[in-house]
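Quick note: residue numbers are just sequence positions, from 1. Worth knowing before you read on, the calculation uses all heavy atoms, side chains too, and leaves out hydrogens, waters and symmetry mates.
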Amino acid sequence: MAVQPWRKGVVTRIQDETYNTKRFWVAVPELETFDFKAGQFVTLDLPIHEKPNKRWRSYSISSWPNGTNEFELVIVLMEGGLGSNYLFDEIKVGSELTLRGPQGVFVLPDPIEKIFFICTGTGIAPFRSMLHYITEHNVPHKKIYLIFGTRTKANLLYYDEMRELATVIENFHYIPTLSREEWEGKKGYVHEIYEEFAKERQPASFMLCGWKNMIDEAKKEL
């Protein structure tokens with residue numbers, strides 16, 4: 001596959017999603033449509049280091065293909081993170097970003113049988129993209145579980161939106177779980193939850209996105 005060129009993106013909108021995450025909408029003026037597959041990512045070249053490979057930050061696209069030249073990213077402010085601190089402190093509506101993409105093969109399987117989307121933090125981004133794509137294109141599927149783990153309810157990204165999708169998408173189960181707060185929903189870590197829903201040991205696909213420790217442990221458990 002040919003290496004994609006770097007392009008100019010323009011930030012068209014910024015919105016707080018939680019106390020430490022922001023949503024950034026980016027348009028690519030030179031393109032009529034920014035075509036990508038749900039689940040792919042873009043790489044930003046940020047002016048935070050002299051060496052190129054230390055300037056690059058990759059983020060999953062949290063929106064879904066809609067025929068426009070605009071896409072959305074959801075980004076968490078990382079303590080000591082040069083990239084996220086630059087984006088939070090310096091980027092405003094109208095700011096320009098250098099970007100390359102879309103990239104990646106983390107996309108929906110075909111066909112979709114029984115599938116578990118397991119995520120933590122902003123790892124929900126590619127799954128949000130996939131779920132909306134499934135909705136808009138009426139993609140056939142058997143069962144979909146979205147198990148989203150985070151610490152507190154204040155960290156639940158797209159909470160109301162996911163609950164709404166659970167009423168729209170047939171056989172879609174949205175299962176948020178909190179590790180550090182009592183609430184009306186599931187409590188604990190994602191591993192306990194997917195083990196509960198997969199205890200029949202029936203064939204299923206698992207897609208993982210989020211904190212490295214979660215992914216490493218899930219690989220061992222699965």
Side-chain angles (χ1 to χ4, degrees), residues 4 6-31 34 36 38-64 66 68-104 106 117 119-132 146 148-162 176 178-181 190 208-215:
Q4 298 183 50
W6 291 99
R7 303 183 189 275
K8 181 180 78 173
V10 178
V11 177
T12 59
R13 184 180 167 197
I14 301 173
Q15 178 181 314
D16 291 336
E17 174 65 11
T18 70
Y19 69 94
N20 68 341
T21 56
K22 289 182 183 289
R23 299 164 67 180
F24 295 83
W25 283 262
V26 183
V28 185
E30 68 186 82
L31 300 177
F34 184 78
F36 63 96
Q40 290 189 303
F41 66 90
V42 295
T43 298
L44 305 182
D45 185 357
L46 304 174
I48 55 176
H49 201 278
E50 295 173 359
K51 295 182 179 179
N53 64 343
K54 293 192 176 181
R55 296 197 305 260
W56 297 346
R57 297 292 186 274
S58 295
Y59 300 100
S60 293
I61 301 169
S62 58
S63 54
W64 51 98
N66 61 4
T68 73
N69 67 350
E70 190 175 62
F71 61 89
E72 180 190 333
L73 303 175
V74 61
I75 297 173
V76 64
L77 182 63
M78 300 291 291
E79 185 176 349
L82 293 179
S84 62
N85 275 273
Y86 174 82
L87 291 167
F88 274 57
D89 295 341
E90 305 297 332
I91 296 301
K92 315 293 183 205
V93 171
S95 296
E96 294 185 359
L97 292 169
T98 301
L99 62 93
R100 183 162 66 190
Q103 298 167 288
F106 190 77
F117 295 152
C119 57
T120 50
T122 53
I124 195 174
F127 300 135
R128 176 186 186 239
S129 179
M130 292 175 188
L131 288 166
H132 279 280
L146 172 63
F148 178 30
T150 192
R151 295 187 175 102
T152 67
K153 194 170 182 179
N155 298 107
L156 281 174
L157 302 173
Y158 304 115
Y159 178 61
D160 291 334
E161 184 179 313
M162 291 299 111
L178 306 183
S179 61
R180 297 187 185 177
E181 182 178 299
V190 294
L208 311 170
C209 192
W211 303 328
K212 182 179 184 300
N213 288 347
M214 180 278 287
I215 292 174

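- The side-chain heavy atoms of Ser95 and Phe24, taken from C-beta on, include no pair separated by under 4.5 Å.
- Rounded to the nearest 0.5 angstrom, Met78 CE and Leu87 CG are separated by 13.0 Å.
- More than 12 heavy atoms of other shown residues, nucleotides or ligands fall within 6.0 angstrom of atom CD in Glu30.
- How far CD1 of Ile48 is from CD of Glu90: 11.5 Å, rounded to the nearest 0.5 Å.
- Contact record, Leu73 with Ser60: CD2-O, 3.5 Å, taken as the closest heavy-atom pair.
- Side-chain rings of Phe34 and Phe71 approach one another, their centers coming within less than 6.0 Å.
- In this structure, CD1 in Ile91 is found 12.5 Å from OG in Ser84, a value given to the nearest 0.5 Å.
- Glu72 pairs in a salt bridge (charged side-chain N to carboxylate O under 4.0 Å, His left out) with only one of the listed residues (Arg13, Arg128, Lys22), which is Arg128.
- Rounded to the nearest 0.5 angstrom, Trp64 CH2 and Leu131 CG are separated by 10.0 Å.
- Taking 4.5 Å as the limit, some side-chain heavy atom of Lys153 sits within range of a side-chain heavy atom of Tyr159.
- At a threshold of 4.5 Å between non-hydrogen side-chain atoms, the residues Val26 and Leu97 count as touching.
- Contact check for Asn155 versus Thr21: no side-chain heavy atoms found under the 4.5 Å cut-off.
- Listed for the Ser129 side chain is a donor-acceptor partner under 3.5 Å among the backbone atoms of Ser63.
- Smallest separation of non-hydrogen atoms from Pro47 and Arg55: CA-CD, 4.1 Å.
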- Task: Applying side chain to side chain contact (heavy atoms under 4.5 Å, CB included), run through Gln103 and Thr43 and close with a yes or a no.
- Result: CA-CA 8 Å; Gln103 298 167 288; Thr43 298; 3.0 Å; yes
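- The minimum heavy-atom distance between His132 and Glu161, with the atom names listed, is NE2-OE2, 2.7 Å.
- Between Ile75 and Thr122, the closest side-chain pair of non-hydrogen atoms is not below 4.5 Å.
- Of all non-hydrogen atoms in Met162 and Ile124, the two that sit nearest each other are CG-CD1, 4.1 Å.
- The shortest distance between side-chain heavy atoms of Ser62 and Tyr158 falls below 4.5 Å.
- Asn66 places a side-chain N or O within 3.5 Å of a backbone atom of Thr68 that can act as its donor or acceptor partner.
- The pair Glu181-Arg151 does not count as a salt bridge, with every side-chain nitrogen at least 4.0 angstrom from each carboxylate oxygen.
- In this pair, Trp6 and Trp56 present their aromatic rings tilted. The plane angle is within the 30 to 60° band.
- At least one side-chain heavy atom of Thr150 sits under 4.5 Å from a side-chain heavy atom of Leu156.
- Looking at every heavy atom in both residues, Lys8 comes nearest to Pro29 through O-CD, 3.3 Å.
- Shown here for Met214 and Val190, the closest heavy-atom pair between the two residues is CG-CG2, 3.6 Å.
- Listed for the Asn85 side chain is no donor-acceptor partner under 3.5 Å among the backbone atoms of Leu77.
- Annotation: the span from Leu208 atom CG to Lys212 atom NZ amounts to 13.0 Å, rounded to 0.5 Å.
- Atoms CG and CD, on Leu31 and Glu70 in that order, are 13.0 Å from each other to the nearest 0.5 Å.
- Residues passing the ring pair (Phe, Tyr, Trp, His ring centres under 6.0 Å) test with Phe106, sequence neighbours excluded: Phe127.
- Looking only at side-chain heavy atoms (C-beta outward), Arg57 and Leu82 come within less than 4.5 Å of each other.
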